[in-house]
Every structure is written in structure tokens, then in C-alpha cells.
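Below is one structure; the comments refer to it alone.
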Amino acid sequence: MRRTILGQVGLCSAVLLLTACVAPRSGTSSRDQGVASTTGLVVSTDAIASDVGAAILRRGGNAVDAAIATAFALAVTHPAAGNIGGGGFMVIRTPSGEATTIDYREVAPQRSTPTMYVGADGTIDRALTAQGYLAPGVPGTVRGLELAHRRFGVLPWRDIVRPAAALASDGITLTASLAASLNGQLRGSMGRFPSSVAAYAKPGGGTWVAGDRLVQPDLGRALRTIADEGPEAFYRGWIADSMVADIQRNGGIITHADLAAYRAVERAPVRGSFRGYEIIGMPPPSSGGIAVIQMLNLVEPMGLERSGRWSPRTLHHLIEVRRLAFLDRARYLGDPDFAAIPTAKLLDPGYAATLRASIDSSRAASSVALGRDIVTVPTDRESDETTHFSVIDGAGMAVSNTYTLEASYGSKAVVRGAGFLLNNEMGDFNKLPGLTNLTGDIGTAPNLIAPGKRMLSSMSPTIVTRDGAVVLITGSPGGRTIINTVFDVVLNVTLFGMSGREAVDAPRLHHQWLPDAATFEAAAVDSSTLLALRAMGHSVRAQGRQGDAHSIVVDPRTGIAYGINDRRSADSKASR
Ligand code: GLY
């Protein structure tokens, strides 16, 4: 890639066979600062869902009400990851500065075992976690949204769920990207589930095109029931009956007792400070908050802002801090209700200083050598799907929400008669005790499968404040790349002084300890930078897009919030 070209134009996906554009690495000089508002914003991957959330704000709802409405709407408009059959995390900061989190991660069913995905040949049977009825954890989304509403909501539950029910029953107009996504899924593995074909295939046959109308009557009925009878209707009653019957008829293990026992949990956020900013992140069972703060602690005194955002020195150090944080993630992190997590140590700047001392400023470390105590065998890839949205209201209440079905369209299996997709989140557990390998499988104890346990997540909904005021709300999909996308966006704003638009547009970097290889969105690296990094011992390559970070920045001088949709996703929108 030639520097001169990169200096003139953003890197568009024709080159990468992608549909998105990534800004040149020198940073955009775009005048587009995002959608400005003093009365509130919703920024998500889907314009209809953002509009639903913004309408709730205009009706007097607060940011939590709008987030709930957006989440339910995305279950209709963004079936790849929006959901009621999955789980996620919400970070909330009130106008008075109280910060909390809602953990609505799925849990392992009571009949799960640590080796339930190990085949007769002793290897992981990935087909069982990839799709079908043994793949789901017990869904948490509806309980999580209920808990958020009980704690902070001001509008009636019914009023904020009903818009999603109407979208499903009345139908939505397909965009080109949703039409292509549905066609691809139906041609692929989703096509082998008759209930999914019934829900998503074009009536009368043929392929979907932009402008077609997708009507989801079963999902509409389920959402109307949840709206009118309350969240309990998802966990008991006809929706639960449909779920359990369908799962058990097809060899799955989730029971009525599993559904009835599911609880969302309010947890204290993890917090860090970085150059005068406060970072508020998601605690375990997400690894995201700890890892992002750990990397910021490592970077803080390095002076990378003086080396330049894209210099080999900066990129080398940004790879090394990722390597160290992801090693600790593999070593220590899991469900805090089951494993003792050394959270205080991992967040401690003193611990970061010890780790930092191990970084060679001109040589790449060896991931295997650093983790030799836990690496057992010379990728279990986490899915890129998941979706993030950010919300702020006129009073300054902020919500950062990331939720998921795990893979795109989750398990690919729609619950017959209820019209929603089941997750395949069980794949986020460590599936073969003891197996930690060079391609990304982790077999350490904290994240082994156990009944009632939450699987470790990388989802990293994050709120950044300064002097007591919100300055950034961000998060992303992307499996383990989520942590790095969020880290990059936070660094771009706080250390490199980018505007919100520049920070979100800027190309991103990923390294996750193992596999020991860094990937960049192509615009980040020119050939001389690649050569310099390789000379230091890094394995580096350019790849396609990373993440989808729908964010909000607030100008501290004016108090104006700017909604910045991530232009990597075609249907995204900041709505006010
Ligand atoms: N399934 C993606 C995550 O939880 O990190």
C-alpha cells in the first residue's frame, strides 16, 4: 500500500472486497463531527432501531428507556446480532455520576458439563457449538433489559417494547445489506433449520432484494406478549414452552427450570484512570473492562503521543500491551461467581509497571514463551458478530450496551412459533480442559463449562468521563477484537486528540496473545511500517474491517453530544 495514496483517500473496500471505508491512517481531516444534540442521541448499527430509541427520548424517556427500546428493535431489524434469545452487558452512568452495570450474559444450562463439546476422538466438536440446539446458553437479554428498566426506567415497560412488536408484525423494508445478509444465511447453514427458513425466507420463494418487506408475525406475537405481560412472559408461559419444546425435540438441554432460574445481575463497574480521564468498564464475566484498563495503564507513561499515532515505535508498543493483557485474560478471567478473579491486581497501575518493564522497546516478545505455563499444545475463532449501541439523553444519562447471539444469527435456529433466534454462546467457554494452543483455544480453569456459569466475554461497553462529565460512550462487536477496537477508540480520543469522527474512522489493530500475529485494517500500515515491524520480530498482516463502534463524544466546553455511527456498517445511524 503506497503512502501517497493513503494520504489522499480513505481505503475503500473495493480493494478489500468489503463494503466499508476506513479512514487513511494519517487521521481524517473530516469536518463531519457527527450528529450534534443537546437533547439526546441513539447511535446503533441500524437506522430503524436508532430512530425507535430516539423517539422514546422525544417522548420523555431517559437513556435507559431508549436503550431498551433500541435493543428490542434491533432484535427485529438486525437479526444477525440484535436479539431476545442471547445476552449482553449494559454500562449506565446517571446524571449525578452514579455508574453501574447490568450483566445479562447467558448461563450454562444445569445439564451442561465441562466436556460436553469434546468428541469421541478427544478433540472439540466445533459443529456442536457452531449451530443447532446444543449451542445456546440460557438467554439473558429480556431479564437484563427488565433489570435496567426496574432500576432506571421512567416510561412504562409496555410503551418501550411495543414499537419493536409493531416493527415485527407490520414489517420492515429491507436494505441492500440486510437482504444480502438474509440471502447468504438462507443459502448457508441457516437454510437447514425449517423454523428459520419459515421466519426469514422470502414468501413465495426467490431471493430478497432491497425494498422488499420482511414481516415476522411470530416474533411480533412474542414481543407483544413481552410488552403486555412483562418480561416474565419470556421465561414462563407460551414463549418458554415453545423454546423448551423446540430445544428438547432437537437434542438440546435447556429446561423450564433453567429459564425460570435465570437472573440478570447488577455489578459494580471496573474503573481506571488515564491521563485525567476516568474509564468505566464492564467487569467479569466480561474480560473487556479489565483488559482495556490494563492496556491503558501499560501505555500511560510511554509517551506514544510524541512518537506519532502510526509510527513503528507506537505500533510495536500497542502490540506488546495487547499481548500482555490477553495473556492475563487467558490466565485469570472467567465468571466471578465461580472463579476467584484477581481484579484489583489486574487494574493496579503498579502491576502494570511491573509488566511494562518486561517490554523490549525494539523487539517483539514471544507469546508462547510468556505463557509457557499455560500453553499446552503447539483458532478457535470467536465470532465477529455482536452489536453495540450508545445512548445519551438530555440530562446526561449515558448508556453503553453491547449484546450478542455470539455468531452471526447465533445458533441459526429460530424457535418454532416464537420467531426469535437462539444464541450459540456456549462456544465462548473453554471447551477442552487443559488445551491452550497456538491458534487461540484456551483451556484454563476459570472459563471451563459448569452449570449456571456465565461464559467469559470480550464485550467491552465503555463510558469515559473527565472532571465528572461524560466525554465518550463506545463499544463494538468482534469477538476478542472488541477489546482492541475499544482500546483504539479510547486512545484515539484521550491520547491522540482525535475528534470522535476521526477516532471511529481511524484504522484498527488487533493482537490477542495467541495466535502470535497482529492484524491491521489495511489503511493503518504502509509497506515501510510493515517492514519495520517485521524487523522487530512481529508477524503482521493487513486484513479487512475490524469492529463497528457506534459511539458518542461530548464536547466538554459546550456540552454538545455528537453521535458518531461507524461507517463500516452500511445501515448504521446516529438519531436524535
Ligand atoms: N460472543 C462474543 C463475546 O461475548 O465476546
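Keep in mind that this is a model prediction, so the values were computed, not measured. Each ligand, and each atom within it, is numbered from 1 in the order the structure gives.
The Arg105 neighbourhood of ligand 1 comprises atoms 4 (O), with distances under 4.0 Å to a heavy atom of that residue. Close contacts between ligand 1 and Met459 involve ligand atoms 3 (C), 4 (O), 5 (O) [criterion: under 4.0 Å to a heavy atom]. Annotation for ligand 1: atoms under 4.0 Å from non-hydrogen atoms of Asp428 are 1 (N), 2 (C), 3 (C), 4 (O). Taking a cut-off of under 4.0 Å to the non-hydrogen atoms of Glu406, the atoms of ligand 1 that pass are 1 (N), 2 (C).
With Arg508 as the partner, the side chain to side chain contact (heavy atoms under 4.5 Å, CB included) test is satisfied by one option alone out of Val489, Asn484, Val486: Val489. Tyr403 pairs with exactly one of Leu145, Thr387, Ile84, Thr386 by the side chain to side chain contact (heavy atoms under 4.5 Å, CB included) rule, that one being Thr387. Screening Thr101, Thr402, Ile102, Asp103 for a side chain to side chain contact (heavy atoms under 4.5 Å, CB included) with Phe89, the sole residue that qualifies is Asp103.
At a 4.0 Å cut-off, not a single heavy atom of Arg480 sits close enough to ligand 1 to count as contact. Look at Met455 and you'll find every heavy atom at least 4.0 Å from all atoms of ligand 1.
Ranked by closest heavy atom to atom 3 (C) of ligand 1, the top entry among Gly479, Ser287, Ser457 is Ser457.
Cation-pi check for Arg143 over Tyr235 is met; the charged atom lies under 6.0 angstrom from the ring centroid and within 45 degrees of its normal.
Residues Arg105 and Glu425 are in side-chain contact: their nearest non-hydrogen atoms beyond the backbone lie under 4.5 Å apart.
A salt bridge is defined here as a Lys NZ or Arg NE, NH1 or NH2 lying under 4.0 Å from an Asp or Glu carboxylate O, and Lys345 with Asp328 fails to meet this definition.
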